[in-house]
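Take a look at the structure below.
We count ligands from 1, going down the list as the structure has it; atoms in each ligand are counted the same way. All residue numbers refer to positions in the sequence shown, counting from 1. Note: hydrogens, waters and symmetry copies are ignored here, and every other heavy atom, side chains too, is used.
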Amino acid sequence: MARDPRYDVLFTPIKIGPKIAKNRFYQVPHCNAMGYTEHHGDVEHRRMKAEGGWGVISTEQCSIHPSSCCAPFAERRLWNDEHSTQLREWVDVMHEYGALAAVELVHNGVGMGNRKTKEYPLGPSNNTVHYNWDPIMGRQMDKADIREYRRWQVEASKRAVDVGFDLVYVYAAHDIALAQSFLSPHSNHRTDEYGGSVENRARIIGELLEDTKEAVGDKAAVVLRLAVDEMRGEDGIRWQEEGQAVVEMFSDLPDLWDVNISDWAEDSATSRFSDEGFQEPYVAFVKQHTDKPVVCVGRFTSPDTMVSQIERGITDMIGAARPSIADPFLPNKIEEGRNEDIRECIGCNICVAAENTASLFRCTQNPSAGEEWRRGWHPEKIAKKGSDNGVLIVGAGPAGLECARALGLRGYDVHLVEARDEVGGRVSFEASLPGLAAWGRVRDYRTGQIDKMKNVEIHTGTELSAQDILDYGAEVVVMATGSNWRRDGCAYTNTHAIPGCDGKRVYTPDDIMNGKKIEGPVIVFDDDHYYIGGVIAEKLRADGNEVTIVTPLMELSRWTENTLELVKIQSQILSLGIKLIKDHNIVSIGDNSIEIANVYHPATRENLSYQSLVLATSRIPNDALYQELAADPKKLEEAGINQLTRIGDVVAASTIQFAVYEGHRFAQELDGAALGDVPYKLEHVQLESAMAAAD
Ligand code: ADP
Ligand code: SF4
């Protein structure tokens, strides 16, 4: 199919300095937890986007000097020519597909603590370090330091051009860039010509732009990535003040403006706290003050929204990090008139958490993310089936749905059988909780794809017993029956049942999501530490109950620090009038009250009365059916079942992302060659001839 002419503007080439982007799809710089240590992984991840039609593809941040060290992260570097080898390979891959390659040169300043290079961080003033309260102060830069900073940017820009990059960045965003620290009244307390007035605080940005333009000449375009608002009110950069002043001052100096809001938690806000296009109120002014092209982000997945952004003069190019991760083929799908095939980002920030926890890259919607090189997974293509075996999948949660979709694509005959009247499993339950509606896209993308497959049938409202499964007639049986929230309160803090947990008015998140009506006042005990305790509390509060949350940790939903939601969650809970008791564990549960103890001083105890208590602690697999079947291999053989397996939460409960990944992995590997103890290729970090080493 051809694309809808309404979307033509998205495919109009655009001039960026001396370069021309083939369309308006711009993958803005984003990290992917791979960097220089997982070089091939990074290259192959970005190759998918080049193949998928993105006009511009950027690296993650790329440090210009050892005084800017972002350890524990292994992001790109261009400190000397040694670092050029890997990046040359990176650029060549993007060029193979006609994409422009952009490099986000960075000096982190006091954004990071220089943990590996052991250099003093550099700041405009005597600033503290922003990352993780590292106990080292930034050194206030003198004029010689500023000259050096400019020289490092020039040297790195020259290397970038030599490597073949088309776009070279000056970076002043995300609260991890030295140039932003100079601009912000929050961190710049200087009294010389680099401090005080906006003009003075912006001086370094102008100098870096001039220097970089001179360094790259007509071989590359120069991009300014600018946080136009730090969301700190008067204490920080405001779009109406510093943001507007900088755009007016340097209007046509950069070849392109890449604008956003700061810090990363604001720029990459989750769907729980922001909608598509959420940055528009802050960045809409930029185009009025420059003739140069502008790119902005806002978790754009809808082609109509994209066109509207361009036609209303908000932006010229559609910036995307997360939507390009969830669907590297988003541009091609619009081009080919296949909008319904777009795998929309759900805004969960599991990808961000991969970076923050130094895990291998991952995405809830796109199970191939991070696996492109080491397992050879492609987001759109998959090997044809390896046998004529029929497959029965029991349970249509995220694991079962993805397994059915991917097996269907391979050409297997698949029956996906679900006990409930609707598919989606935990995704459907959780998407009904406050702020999580977009998570339903995990289900909707897969049902949309399966609907088009003649070889995949979905049967709902059918709870299968072991005998039903034996009688079904499938050669391969995949159990994807999920997990249940525990009723005994066991989790991180309590590894034995909490006394009194069998009380009549003690509930689990499953009860609440199943629509159980409960009476307030309610206490929610959160020992899960991801999102569920908080969203259950919000739902019960919205139902009109008085709600108290008790958690043994210092913060509610502690793990959401990794998804950049921690601060927003604390604020939201308090602003909704939910009482938060931190640092406390439940000692015992009585009929009308619970006894809690301070985890750091257990003798400090108090009683809290309740009408209903919800234990949001941990989950156990719903695996009785699997165990029953696995216990009798003879019966399986007689029934013609040659493979019985389990995937997703029925093995061990985890994130939705992990269930999708496991469902996909089974589908990839069915009837494939046996994999060894190490089931994927290993990266060997080598700066020189990295590709050659892999051959
Ligand atoms: P996962 O995250 O691993 O996909 P979920 O808990 O989201 O797991 O989904 C499991 C699904 O399996 C649920 O929708 C549940 O209704 C379904 N299920 C559980 N037992 C059976 C059964 N015996 N027959 C059919 N479906 C089942
Ligand atoms: Fe989007 Fe979540 Fe995938 Fe990140 S992990 S790209 S937020 S769906």
* Among all protein non-hydrogen atoms, which one is nearest to atom 2 (Fe) of ligand 2, and what is the separation to 0.1 Å? -> Cys348 SG, 2.4 Å

* cation_pi(Arg420, Phe429) dist<6.0 Å, angle<=45 -> yes

* Please state whether the rings of Trp377 and Tyr661 are parallel, tilted or perpendicular, taking 30° and 60° as the class boundaries. => tilted

* In ligand 1, which numbered atoms sit nearer than 4.0 Å to a non-hydrogen atom of Asn622? -> 19 (C), 20 (N)

* Is Arg426 in polar range of ligand 1, meaning some N or O pair under 3.5 Å apart? -> yes

* To do: Ignoring angles and geometry beyond distance, decide whether Asp649 reaches within less than 3.5 Å of ligand 1 through its nitrogen or oxygen atoms.
  => yes

* Structure fact -> Ranked by distance from atom 8 (O) of ligand 1, the top protein heavy atom is Gly482 CA, 3.2 Å

* To do: Only heavy atoms count here, so choose which of Leu464, Ile647, Ile656 is nearest to atom 23 (N) of ligand 1.
  => Leu464

* Structure fact -> The side-chain contact (heavy atoms from CB on, under 4.5 Å) partner of Met513 among Arg426, Glu430, Lys539 is Glu430

* Could you tell me whether Ala419 and ligand 1 have an N or O pair separated by under 3.5 Å? => yes

* To do: Could you check atom 6 (S) of ligand 2 against the protein and tell me its nearest heavy-atom contact, residue, atom and distance included?
  => Arg322 O, 3.3 Å

* **Salt-bridge contact Arg343-Glu380 (side-chain N to carboxylate O under 4.0 Å)** => yes

* With heavy atoms only and a cut-off of under 4.0 Å, state how Leu401 meets ligand 1: side chain, backbone, both or neither. => neither

* To the nearest 0.1 Å, how far is atom 4 (Fe) of ligand 2 from its closest protein heavy atom, and which atom is that? -> Cys351 SG, 2.3 Å

* **Pair Glu669 + Arg375: basic N to acidic O under 4.0 Å** => yes

* **Aromatic ring pairing His30/Phe361, orientation class (parallel under 30°, perpendicular over 60°, tilted between)** => parallel

* Report yes if some N/O of Ala399 lies less than 3.5 Å from some N/O of ligand 1; otherwise report no. => yes

* Structure fact -> of all protein heavy atoms, closest to atom 1 (Fe) of ligand 2 is Cys345 SG, 2.5 Å

* Just heavy atoms, cut-off under 4.0 Å: does Pro398 contact ligand 1 by side chain, backbone, both, or neither? -> both

* Asked: Is it true that Thr462 lies under 4.0 Å from ligand 1, counting heavy atoms only?
  -> yes

